[in-house]
Number of protein chains: 2
Amino acid sequence: METQWLDERERAAWLRLVAVVELLPGLLDAQLRAQAGLTHFEYFVLAMLSEAPEHTLRMTSLAQRTNATLPRLSHVVRRLEDRGLVERLPCPEDRRATNARLTDEGWDAVVAAAPGHVTTVRRYILDPLTPEQLEQLRGIGEALLTRLDPDRLMTALYDPEKTGNNGGSAARMSGASRRTRRAVS
Amino acid sequence: METQWLDERERAAWLRLVAVVELLPGLLDAQLRAQAGLTHFEYFVLAMLSEAPEHTLRMTSLAQRTNATLPRLSHVVRRLEDRGLVERLPCPEDRRATNARLTDEGWDAVVAAAPGHVTTVRRYILDPLTPEQLEQLRGIGEALLTRLDPDRLMTALYDPEKTGNNGGSAARMSGASRRTRRAVS
DNA sequence: GCGAAATAGTTGTTGTTTCAACTAACACTC
DNA sequence: GAGTGTTAGTTGAAACAACAACTATTTCGC
């Protein structure tokens with residue numbers, strides 16, 4: 001099996017993507033740490049809960065949406081629990097399972113962190129792109145995710161048309177979680 | 001200062017980018033670990049050295065190209081040195097500085113790891129994209145990097161036209177490092 | 001040239017992530 | 001309905017990254 005090496009066009013695109021992938025997490029992390037005292041992953045976890053019905057999600061489901069292993073999530077949720085941002089409740093339907101629920105303090109933390117985060121996203125990602133490039137990026141992301149996340153575990157409820165067909169979570173979306181704009185990503 | 005929230009188009013593009021950014025490093029890491037016994041970051045370090053003149057780079061310069069802090073790089077290079085893949089030499093011109101140099105074993109390791117890595121890149125990134133999308137990705141990456149890496153520390157010697165103007169490194173590229181194809185990324 | 005500031009790098013500590021092992025509950029088979 | 005396999009999650013140890021403190025050298029200002 002002979003390796004097919006990259007030509008100049010492929011190399012140019014790939015090197016730039018790698019650079020973005022390496023640089024972006026550090027920036028998001030630094031901003032959230034400084035302004036909200038959260039890592040990007042912690043913020044992501046809280047944001048996912050904030051969009052879930054009852055602000056509650058099973059650990060496994062939360063792990064899929066955040067692309068975390070279960071051990072990692074377990075540790076992070078324990079630390080968030082120690083800080084009073086999340087609570088863990090045994091799941092009544094399945095006594096093996098645990099539900100993670102956002103506390104009021106946790107909700108406040110997400111709401112407080114969101115504006116700074118969105119501003120950062122705008123400055124580093126959205127502003128430098130033309131409207132056409134924005135649309136292209138959506139298409140490229142979509143194409144890549146068919147390989148990177150074929151079962152759509154992480155990117156379940158994206159399409160605004162098909163709400164309500166992912167375990168009914170969007171349909172049962174609570175009033176509280178709609179009261180403010182989304183805590184993006 | 002009122003926060004400008006994301007509209008649907010912006011949100012769609014951003015969420016997909018975040019998903020890619022979260023998923024890709026894990027995949028690259030897993031493949032390289034399994035097939036070459038290297039983390040993606042270690043591979044990246046070795047690959048940067050393999051493209052440098054004399055297979056040698058100052059620690060600071062290497063840190064910039066790999067987007068690492070100096071402490072992080074120092075630890076990683078020490079571990080690579082323990083494994084015989086890299087050696088550290090005091091720099092004659094500046095006695096504060098250290099040069100990291102790829103050993104023959106290190107070179108062999110990069111050459112052995114490269115085919116599997118390139119195959120992975122092709123499968124997950126290049127193959128799912130159309131030729132137009134590949135070109136769009138280059139443009140988008142370029143636009144983002146003007147903000148993410150304004151001084152072009154990480155992405156110094158990209159343009160094939162302007163070789164030889166980055167500290168003369170490309171100009172003085174040694175015969176050895178040209179003998180095989182690049183160990184990409 | 002002498003002292004202050006800046007630069008290059010290392011080392012130790014602390015927090016996080018990964019990995020492996022483990023417990024508990026459910027599900028499926030016979 | 002006992003036994004086996006699978007799923008959900010936690011915990012502890014080891015690897016790794018971020019941060020702070022430190023040494024050594026060079027450069028800058030006067």
Side-chain angles (χ1 to χ4, degrees), chain A residues 21-34 37-46 56-83 85-101 151 153 167, chain B residues 22-23 25-34 37-45 56-83 86-101 151 153 167:
Chain A
V21 164
E22 297 285 332
L23 289 164
L24 192 50
L27 269 163
L28 297 176
D29 239 52
Q31 180 271 320
L32 280 165
R33 267 181 128 77
L38 294 168
T39 65
H40 182 241
F41 181 72
E42 289 170 339
Y43 176 76
F44 206 99
V45 167
L46 298 181
T56 302
L57 237 32
R58 290 264 278 264
M59 291 292 282
T60 299
S61 170
L62 188 53
Q64 288 172 345
R65 287 174 206 230
T66 57
N67 187 41
T69 60
L70 221 28
R72 179 185 183 188
L73 183 65
S74 184
H75 282 135
V76 169
V77 167
R78 180 178 43 69
R79 288 191 291 260
L80 289 173
E81 194 174 28
D82 292 344
R83 292 164 64 181
L85 303 181
V86 162
E87 58 189 348
R88 281 197 275 200
L89 314 158
C91 177
E93 292 99 26
D94 184 342
R95 298 215 318 271
R96 292 170 299 182
T98 305
N99 283 324
R101 200 174 82 79
D151 299 332
L153 295 178
Chain B
E22 297 285 332
L23 289 163
L27 269 163
L28 297 177
D29 239 53
Q31 180 271 320
L32 280 166
R33 268 181 126 79
L38 294 169
T39 64
H40 183 241
F41 182 73
E42 288 170 339
Y43 177 76
F44 206 98
V45 167
T56 302
L57 237 31
R58 290 262 281 263
M59 291 293 283
T60 299
S61 170
L62 188 53
Q64 288 171 345
R65 289 176 206 228
T66 57
N67 188 40
T69 60
L70 222 27
R72 179 185 181 190
L73 183 64
S74 184
H75 282 133
V76 170
V77 167
R78 180 177 43 68
R79 288 191 290 259
L80 290 173
E81 194 174 27
D82 292 344
R83 293 164 63 181
V86 162
E87 58 189 348
R88 281 197 276 200
L89 316 157
C91 176
E93 293 99 23
D94 185 341
R95 297 218 316 274
R96 291 170 300 182
T98 305
N99 283 324
R101 200 174 82 79
D151 298 334
L153 295 177

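Protein chains get the first letters and strands the later ones, always in sequence-line order, with residue 1 at the start of each.
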Enquirer: Any non-hydrogen side-chain atom of A/Leu57 less than 4.5 Å from a side-chain atom of A/Gln64?
Expert: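 Answer no - side chains too far apart.
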
Enquirer: Check the distance between D/dA8's P and A/Arg88's CZ and give it to me in whole angstrom.
Expert: 17 Å

Enquirer: Would you say B/Arg78 reaches D/dA15's phosphate, i.e. side-chain N/O to OP1/OP2 under 4.0 Å?
Expert: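 For D/dA15, OP1/OP2 do not have a side-chain N/O of B/Arg78 under 4.0 Å.
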
Enquirer: Are the side chain of A/Glu81 and the backbone of A/Arg88 linked by a donor-acceptor contact shorter than 3.5 Å?
Expert: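 Here the side-chain-to-backbone pair exists.
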
Enquirer: On DNA chain D, nearest-nucleotide positions of A/His75 versus A/Ala97: which is more 5'?
Expert: A/Ala97

Enquirer: Compare all side-chain heavy atoms of A/Ser61 with those of A/Arg65 and state whether any distance is below 4.5 angstrom.
Expert: yes

Enquirer: Report yes if the side chains of B/Leu38 and B/Arg33 come closer than 4.5 Å at any heavy-atom pair, otherwise no.
Expert: no

Enquirer: Which listed nucleotide (C/dT18, C/dA8, D/dT10) is nearest to the side chain of A/Thr98?
Expert: D/dT10

Enquirer: Could you check which of D/dT11, C/dG12, D/dA17 has an atom nearest any side-chain atom of B/Arg72?
Expert: D/dA17

Enquirer: Rounded to the Å, how far apart are B/Asn99 CG and C/dT10 P?
Expert: 11 Å

Enquirer: Is the shortest side-chain N/O distance from B/Arg33 to OP1 or OP2 of C/dC19 below 4.0 Å?
Expert: yes

Enquirer: Between B/Arg58 and B/Cys91, what is the shortest heavy-atom contact and its length?
Expert: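 Looking at all heavy atoms of both residues, the shortest contact is NH1-SG, 3.7 Å.
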
Enquirer: Please write out each protein N/O paired with an N/O of nucleotides 21-29 of chain C under 3.5 Å, distance rounded to 0.1 Å.
Expert:
| from | atom 1 | to | atom 2 | distance (Å) |
| --- | --- | --- | --- | --- |
| C/dC26 | OP1 | A/Arg95 | N | 2.9 |

Enquirer: Can you check the B/Asp29 CG to D/dC16 P distance for me, whole Å?
Expert: 10 Å

Enquirer: Can you give me the closest heavy-atom contact between A/Leu73 and A/Met59, atom names plus distance?
Expert: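 Looks like CD2-O, 3.2 Å.
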
Enquirer: To the nearest angstrom, how far is A/Arg79 atom CZ from C/dT14 atom P?
Expert: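 Going from A/Arg79 (CZ) to C/dT14 (P), I get 16 Å.
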
Enquirer: Without decimals, in angstroms, what is the distance between A/Leu73 CG and C/dT16 P?
Expert: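 Checked: the CG to P distance equals 14 Å.
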
Enquirer: Both A/Thr69 and B/Arg58 contact DNA chain C. Taking the nearest nucleotide for each, which residue is further toward the 5' end?
Expert: B/Arg58

Enquirer: So do the side chains of B/Leu27 and B/Gln31 get within less than 4.5 Å of each other, counting heavy atoms only?
Expert: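 Not in contact.
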
Enquirer: Check the distance between D/dA15's P and B/Leu38's CG and give it to me in whole angstrom.
Expert: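 Whole-Å distance recorded here is 16 Å.
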
Enquirer: Take the protein atom CG of A/Leu32 and the nucleotide atom C1' of D/dA18, then report the distance between them rounded to whole Å.
Expert: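 It is 16 Å, rounded to the nearest whole Å.
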
Enquirer: What is the distance from CD of A/Glu81 to C1' of D/dT11, rounded to the nearest Å?
Expert: 15 Å

